[in-house]
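Just so it is clear, the structure is predicted and the values come from calculations on it, not from any experiment.
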Amino acid sequence: MVRKIRYSLLAFGMLLLSIYKMEAQLDIARVMLIGKNALYFKDYIVSIGYFNQVIEVRPWMAEPYYFRAVSKYMLGDLQGANQDATLALERNAFISHAYMLRGIVRHALGEHTGAVADLSHSLLITPDDQEVAFNLAAAQLGANEYLAADSTITHLIRRNAQHAQAHLLRADILLHQKDTLQATQEIGQALQIDSTQAQAYAFRAMLYARKKDYKTALSDLNRALHFSPNSREHYINRGLTRYQLNDYVGAIEDYTSAINIAPADPIARYNRALLRATVGDANNALEDLSVVLEAQPNNYMALYNKGLLSMEVGDFRTALTCFDHVLQQYPYFQMGLLARANAKRGLGDLAGADRDSWRAYQQQKGRIKKEPTNKGKTTRSEKDETIERYNELVETMPSAMGMDDKATLPQSLRGRVQDTDVTIAPQQAFALNFFHAHTLQGIPPRIYQSVEVAHYNEAHPHAKLRFLVSPINQTLDSLSTIELREQLLTLDAHPVEEVDFYLRRGITSFLLVDFKRSLADLDHALTLDPSCSLAYFMRSTVLLKSQELQRVLPSEEVGFLAPTPEQRNNLGIVQTQKPAPESKSSIRGLNAALEDVRKAIAQAPKFAYAYYNKALIHALMGQMDEAINDYTKALELGGHDLPEAYFNRGLLYLSQGKKEEAIKDLGQAGERGIFQAYNIIKRIQEQP
């Protein structure tokens with residue numbers, strides 16, 4: 001027994017010693033700070049890697065679990081976010097925003113009761129947090145607690161009458177309580193506060209459609225699509241509205257637009273199939289129904305319509321197979337029996353056709369027949385599986401807030417090139433990188449050419465990863481992150497007192513959001529070679545990005561913050577972060593970045609990206625004329641390879657009231673791939 005105790009104590013001591021050694025090798029506070037930095041810059045995969053390191057060493061800490069939950073939520077891993085938020089709360093039960101995050105995730109997962117409990121607890125800890133109150137009301141609505149939801153959102157509106165989304169959410173709650181008049185008034189109030197809310201117009205259009213005021217509904221849906229041109233739901237509902245107005249061609253066009261956004265969307269495909277069948281386009285209608293059935297094999301209405309259309313094109317065998325499956329599920333479907341009788345007759349099975357016809361006759365005689373309910377142009381909800389409504393178009397039921405949307409990757413914003421909700425903000429600075437920038441789906445990757453970088457690569461032909469130029473807002477995928485970590489381990493294992501070694505390791509640390517180590521390596525590179533233009537350029541960029549982080553998160557101790565408003569905008573309050581006033585340290589940092597980029601230009605006077613970054617720094621310092629001059633110089637040197645310079649110079653012209661110059665530059669930027677520019681042009685032209 002004594003020997004066993006000794007062995008146990010020895011094992012425990014060795015465990016403590018191993019943990020101590022691991023912690024000695026890992027600066028917990030620094031790794032946490034780097035992880036938070038990565039989270040802020042949307043490098044979610046990178047941030048998870050840092051939080052994993054802390055969790056491995058200090059599994060009892062709540063903070064890394066919470067921030068890892070935020071990262072997983074932003075990557076769409078709702079179950080993982082739920083688990084990590086729970087682990088954080090098991091370690092610290094007083095983290096308000098961990099309760100809020102878990103409540104939002106549970107709401108998205110349809111676990112409304114748990115969401116209400118979590119958000120109520122969060123509000124108990126932070127009773128003045130309007131965002132928690134907003135999400136609590138949404139969760140209460142999801143749990144069918146209408147009176148509680150109305151009370152919560154009404155209290156929020158009393159405290160902040162200009163909260164447009166709160167009015168929209170209250171409209172949704174009122175509609176569930178059958179108070180259409182008051183709901184319409186709340187939507188009107190929301191639009192008075194913010195007239196650019198696409199969801200508000202779509203929601204009000206639904207109310208007009210219920211009153212059969214389709215022309216007014218169409219007008220609202222046109223506005224909704226003006227402000228949110230990539231919403232498949234809005235296209236589907238406008239298609240329904242045009243169908244009611246006998247505009248079949250326009251309805252088919254809308255469903256085609258919805259399908260271009262979501263190619264496998266079953267509602268858009270089903271509705272387009274019915275309309276194509278109506279106008280005699282049976283073959284294309286069958287193609288749409290095949291896509292629906294691939295996604296929903298048990299969609300018996302689609303299967304029945306496929307059978308009818310197969311008969312129309314003479315494919316009686318396929319039709320018979322379809323009708324057999326439908327009648328197995330709905331054996332008393334009289335129209336199905338008659339249809340199968342026709343299919344059998346087409347195949348020469350007259351006896352089988354007679355049997356089905358006799359059964360249909362007996363059902364009619366015994367009053368088993370169910371009359372079709374679609375007298376006139378009625379539509380059905382997606383959940384309505386009444387087989388007799390097979391020839392009715394499906395409608396989507398928009399909520400005021402679109403609260404059923406799932407969390408998505410940041411890349412889910414791709415393609416929203418004319419969305420009026422796009423924030424007017426300059427394109428970011430450039431840095432050295434090892435990977436090409438990601439681009440929007442369907443658009444060729446943008447390659448940024450640089451003679452200076454090409455010459456450097458030629459001088460170092462044996463390097464495993466070649467230098468590239470890319471915007472600093474580029475996020476890394478998991479493979480790129482793994483490759484960077486492997487490179488960092490290799491560099492650390494074989495240090496060399498050369499400029500290329502420290503420059504390469506500085507860039508690697510920068511891409512892994514370790515700014516402190518990056519600056520140290522770049523400093524050392526410049527002590528070895530004070531004429532290295534790329535090192536000056538890179539150090540300036542690191543300083544610039546560090547300043548951005550300090551302006552938004554001025555304290556190193558971020559604490560248990562909620563996700564940023566941009567990260568939460570699909571389930572929370574949409575608001576704009578107000579930048580902190582420029583501090584003396586911030587001004588010093590910008591001056592240091594400016595000094596470095598000037599030195600880079602002195603060594604490489606034709607380096608267009610250095611002029612571009614210099615312009616950005618001048619703009620941050622309020623020196624607009626200098627910024628415009630630098631953008632002009634960057635364009636002289638970089639030309640078509642720098643549409644970002646056109647975009648940013650256009651914004652500066654706009655800030656100076658020079659609309660014609662702004663539109664010209666933004667047009668050049670849009671033509672070369674920065675499609676947000678078209679939205680801004682539209683907004684400029686719509687101004688009186």
Side-chain angles (χ1 to χ4, degrees), residues 236 239-240 243-244 246 248 251-252 255 266-395:
I236 289 171
L240 283 170
Y243 164 70
Q244 295 290 353
N246 295 317
Y248 286 17
I252 291 174
Y255 292 129
I267 297 177
R269 288 278 184 179
Y270 185 86
N271 287 357
R272 189 172 73 171
L274 293 188
L275 289 175
R276 281 176 162 177
T278 302
V279 299
D281 189 2
N283 287 315
N284 283 322
L286 280 168
E287 181 184 338
D288 279 340
L289 290 172
S290 295
V291 175
V292 174
L293 288 166
E294 186 176 345
Q296 301 175 342
N298 294 326
N299 188 328
Y300 292 100
M301 295 187 187
L303 198 59
Y304 183 67
N305 278 297
K306 182 180 178 182
L308 293 177
L309 289 168
S310 296
M311 277 204 306
E312 189 174 319
V313 298
D315 186 359
F316 295 103
R317 191 161 300 281
T318 298
L320 180 60
T321 302
C322 293
F323 297 143
D324 282 343
H325 282 94
V326 172
L327 287 166
Q328 284 176 7
Q329 181 72 16
Y330 299 98
Y332 299 106
F333 181 30
Q334 184 182 1
M335 297 180 70
L337 287 167
L338 293 172
R340 188 169 68 177
N342 288 333
K344 288 179 177 178
R345 195 169 289 115
L347 291 169
D349 182 6
L350 300 182
D354 287 342
R355 283 194 299 271
D356 278 342
S357 297
W358 176 252
R359 281 182 60 190
Y361 170 74
Q362 288 294 102
Q363 287 183 11
Q364 183 179 22
K365 186 178 178 181
R367 297 182 180 178
I368 301 175
K369 175 185 175 182
K370 295 183 179 179
E371 293 289 343
T373 58
N374 56 332
K375 295 178 180 179
K377 289 185 177 179
T378 56
T379 57
R380 64 177 178 87
S381 71
E382 187 178 10
K383 295 179 181 179
D384 189 339
E385 296 182 355
T386 307
I387 190 64
E388 286 80 8
R389 304 185 72 172
Y390 67 89
N391 59 346
E392 295 184 22
L393 271 64
V394 183
E395 63 184 19

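Among residue pairs with one or both ends in residues 304-319, none qualify as salt bridge (charged side-chain N to carboxylate O under 4.0 Å, His left out); sequence neighbours excluded. Among residue pairs with one or both ends in residues 271-281, those qualifying as side chain to side chain donor-acceptor pair (under 3.5 Å) are Tyr255-Asn271, Thr256-Arg272, Arg272-Asp288, Arg276-Asp288, Asp281-Asn284; sequence neighbours excluded. Applying the salt bridge (charged side-chain N to carboxylate O under 4.0 Å, His left out) test to every pair with at least one member in residues 325-339, sequence neighbours left out, gives no pairs at all. The salt bridge (charged side-chain N to carboxylate O under 4.0 Å, His left out) pairs that include a residue from residues 325-339 number zero, where partners must be two or more places apart or lie in different chains.
Within 6.0 Å of the CD atom in Glu294, the count of heavy atoms belonging to other residues, nucleotides or ligands does not exceed 12.
One distance of note links CG of Leu293 with CG of Leu303; it measures 5.5 Å at 0.5 Å rounding. Expressed to the nearest 0.5 Å, how far CG of Leu286 lies from CG of Leu309 amounts to 4.5 Å. To the nearest 0.5 angstrom, Tyr248 atom OH is 5.0 Å from Tyr243 atom OH. Taken from CZ in Arg355 to CG in Leu350, the straight-line distance is 11.0 Å, to the nearest 0.5 Å. Atom-to-atom distance recorded for Met335:CE and Glu388:CD is 8.5 Å, nearest 0.5 angstrom. Atom NZ of residue Lys344 and atom CG of residue Asn342 lie 11.5 Å apart, to the nearest 0.5 angstrom.
Scanning all heavy atoms of the two residues, the minimum distance from Ala341 to Ala353 falls at O-CB, 3.3 Å. In terms of heavy atoms, Phe333 sits closest to Leu327 at O-CD2, 3.7 Å. In plain terms, the two heavy atoms of Ala285 and Ala273 that are nearest each other are CB-O, 3.3 Å.
Scored by the ring pair (Phe, Tyr, Trp, His ring centres under 6.0 Å) test, Tyr300 finds Tyr330 as partners (sequence neighbours excluded). The salt bridge (Lys or Arg N to Asp or Glu O under 4.0 Å) check on Asp324 picks up Arg340, with sequence neighbours excluded.
Inter-residue side-chain proximity for Gln296 and Tyr270 is flagged as unmet; no heavy-atom pair is nearer than 4.5 Å. By the 4.5 Å heavy-atom criterion applied to side chains, Asn299 and Leu289 are not counted as neighbours. You'll find the side chain of Leu320 stays beyond 4.5 Å of the side chain of Phe316, heavy atoms only.
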